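All values reported here derive from a predicted model rather than from experimental measurement. Remember, it's 1-based here, ligands and their atoms both numbered in the order they're listed.
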Amino acid sequence: MKSPFDAVDGSPLTNLIGNSPAMVEAYRMTRLAAKSHASVLLLGETGTGKELFASALHHLSDRASGPFVRVNCGALTESLLASELFGHVKGSFTDAVKDRTGRFEAAHGGTIFLDEINSTSSTLQVKLLRVLQEREFERVGDTKSVSVDVRVIAASNCDLAKTVAQGEFREDLLWRLNVLPINLPPLRKRAGDVERLARYFLNVYNQKNNGNVTSIAPQALEAMKNYNWPGNVRELQNYIERAVVLAQGTELESYLLPTAITGDRADAQAAVFRPTDETSLVREFVYNRISKAKEDADDLYKQIVAPVERELLEQVMDNCNQTQTKAAQLLGINRNTLHKKLQECGLGKSKVEV
Ligand SMILES: Nc1ncnc2c1ncn2[C@@H]1O[C@H](COP(=O)(O)OP(=O)(O)OP(=O)(O)O)[C@@H](O)[C@H]1O
Ligand SMILES: [Mg+2]
């Protein structure tokens, strides 16, 4: 279907990867929004790139040389958030030992990004409404009004219309914010971007970790395309980083991905090994290795422990600036033993110690 915005540049914005139709639409909306001073509401699940879009929008706008100030409204209590946003005067509450300017003032001439706006209390919502309408507010404990020239970008990872219906978000504030809504699609709805993103992050983490994972096994790619990505791009990014760190060869193989993605080992015995949460990295790694081992394997211990041992030695040696004495002490093993192990792992290039 033809859209009236087809003529707007739909190429990816800075730092953003993805060419699916919903992303192209979001790039176009962002470019259009950047030309105006209207408030923008970024809507998308966690990890869909709201912060990246907010920053790209600011940098495309005529306020680019002004400040870009981000406030996570979900991270602070009501009173701290009020003081963070609007500032306070000395003595306005117990810890207010001196005057403090808030983030709205800090954003003067630029953009303020109100992340997780859905978490704000009703009192704060009233104050925000006033800033949006009049670009004016008072510092906490003050009666004098402060005027600011600030562009507001807000983000929510939940459906604000529902929150309004539940009586938890002011409808008038939603309308004020919702002048230009930009919807960021969840990753499961743009499987076509998964490969592009995976290759992008492979490149990023190869560089960061001196890795050399240059290809993705077809099975692994297929599994990633079929996964539902509740944590969206952030989740993909984490798994690729982890795969680069754990990889032994140059290919990203299925065993390097969590079973939640590859999900193909349903037999009851294997289920015993199945990790119950994201943090059981070691358990999952071992499980994946066992699953991958050939049936007649006779060196399972070495296959599984060797890469872990190598990683441990490498990290501790790095921490100890390649000094074996220090590393041996930290590891609680004899220096000769460490020396031997380093040689075995091909990590024998440590500092000469006298
Ligand atoms: N399209 C994309 N291209 C490249 N990286 C992306 C993309 N989308 C998200 N990311 C990366 O994913 C991570 C999460 O992105 P971001 O913080 O912008 O998401 P968010 O929507 O603000 O999430 P949350 O609601 O949890 O705050 C970041 O590391 C970001 O760099
Ligand atoms: Mg965010």
Side-chain angles (χ1 to χ4, degrees), residues 9-31 33-34 39-60 68-76 81 84-85 103 107 111-120 152-160 162-163 169 177 180-209 216 224-225 227-245 252 258 261 278:
D9 180 5
S11 61
L13 303 167
T14 313
N15 294 330
L16 280 151
I17 307 296
N19 282 346
S20 61
M23 286 297 278
V24 170
E25 187 77 15
Y27 300 144
R28 288 198 168 119
M29 284 303 286
T30 306
R31 286 198 171 89
S39 302
V40 171
L41 183 58
L42 291 165
L43 295 163
E45 292 175 13
T46 182
T48 46
K50 296 184 291 296
E51 193 164 344
L52 285 183
F53 270 88
S55 157
L57 200 164
H58 168 74
H59 287 104
L60 281 170
F68 175 73
V69 174
R70 174 187 176 241
V71 182
N72 185 351
C73 303
L76 299 171
L81 182 59
E84 184 74 14
L85 289 171
R103 311 280 270 172
T111 306
I112 193 164
F113 173 42
L114 303 174
D115 206 355
E116 296 188 29
I117 187 96
N118 48 297
S119 319
T120 48
V152 176
I153 303 178
S156 167
N157 54 22
C158 70
D159 182 349
L160 279 181
K162 262 196 203 149
T163 324
F169 201 82
L177 291 169
L180 293 171
I182 301 179
N183 287 301
L184 305 186
L187 191 51
R188 68 182 164 280
K189 295 225 174 120
R190 48 188 183 105
D193 283 341
V194 168
E195 180 169 359
R196 204 172 273 115
L197 281 160
R199 292 194 188 282
Y200 168 75
F201 289 126
L202 266 186
N203 197 14
V204 168
Y205 291 110
N206 272 331
Q207 285 186 18
K208 225 174 179 174
N209 299 292
I216 306 176
M224 286 197 279
K225 285 184 180 168
Y227 180 58
N228 72 347
W229 300 109
N232 292 293
V233 182
R234 182 182 289 112
E235 189 182 8
L236 173 68
Q237 181 177 358
N238 289 350
Y239 290 156
I240 300 287
E241 176 172 21
R242 183 165 91 164
V244 169
V245 171
L252 192 163
I261 298 182
E278 289 282 328

> Parallel, tilted or perpendicular: which fits the ring planes of Trp229 and Tyr239, with parallel below 30° and perpendicular above 60°?
Replying inline: tilted

>> Ile240 vs Leu252, test: side chain to side chain contact (heavy atoms under 4.5 Å, CB included). Steps then yes/no.
In response: CA-CA 9 Å; Ile240 300 287; Leu252 192 163; 3.8 Å; yes

Sub-3.5 Å pairs, protein N or O with ligand 1 N or O:
unit_1: ligand 1; atom_1: 1 (N); unit_2: Ile17; atom_2: O; d: 3.0
unit_1: ligand 1; atom_1: 3 (N); unit_2: Ile17; atom_2: N; d: 2.9
unit_1: ligand 1; atom_1: 12 (O); unit_2: Gln237; atom_2: OE1; d: 3.2
unit_1: ligand 1; atom_1: 17 (O); unit_2: Arg234; atom_2: NH2; d: 3.3
unit_1: ligand 1; atom_1: 18 (O); unit_2: Lys50; atom_2: N; d: 3.4
unit_1: ligand 1; atom_1: 18 (O); unit_2: Glu51; atom_2: N; d: 3.1
unit_1: ligand 1; atom_1: 18 (O); unit_2: Leu52; atom_2: N; d: 3.3
unit_1: ligand 1; atom_1: 19 (O); unit_2: Gly49; atom_2: N; d: 3.2
unit_1: ligand 1; atom_1: 21 (O); unit_2: Thr48; atom_2: N; d: 3.3
unit_1: ligand 1; atom_1: 21 (O); unit_2: Gly49; atom_2: N; d: 3.1
unit_1: ligand 1; atom_1: 21 (O); unit_2: Lys50; atom_2: N; d: 2.9
unit_1: ligand 1; atom_1: 21 (O); unit_2: Lys50; atom_2: NZ; d: 2.8
unit_1: ligand 1; atom_1: 22 (O); unit_2: Glu51; atom_2: N; d: 3.3
unit_1: ligand 1; atom_1: 23 (O); unit_2: Gly47; atom_2: N; d: 2.8
unit_1: ligand 1; atom_1: 23 (O); unit_2: Arg234; atom_2: NH2; d: 3.3
unit_1: ligand 1; atom_1: 25 (O); unit_2: Lys50; atom_2: NZ; d: 2.7
unit_1: ligand 1; atom_1: 26 (O); unit_2: Thr46; atom_2: OG1; d: 2.4
unit_1: ligand 1; atom_1: 26 (O); unit_2: Arg234; atom_2: NH1; d: 2.9
unit_1: ligand 1; atom_1: 26 (O); unit_2: Arg234; atom_2: NH2; d: 3.3
unit_1: ligand 1; atom_1: 29 (O); unit_2: Gln237; atom_2: OE1; d: 2.7
unit_1: ligand 1; atom_1: 29 (O); unit_2: Gln237; atom_2: NE2; d: 3.4

> Taking only residues two or more places apart in sequence or in another chain, which ones pass side-chain contact (heavy atoms from CB on, under 4.5 Å) with Pro230?
Replying inline: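 So Pro230 forms a side-chain contact (heavy atoms from CB on, under 4.5 Å) with Tyr227, Asn228, Glu235.
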
>> Taking Ser11's backbone N and O only, do any of them form a donor-acceptor pair with Arg31's side chain (distance below 3.5 Å, no angle check)?
In response: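 Checked: pair present.
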
> Which residue pairs pass the side-chain hydrogen bond (donor to acceptor under 3.5 Å, both in side chains) test with at least one member in residues 15-29, sequence neighbours excluded?
Replying inline: Ser20-Asp193

>> Suppose we screen for side chain to side chain donor-acceptor pair (under 3.5 Å). Which residues come up paired with Thr30, at least two apart in sequence or across chains?
In response: none

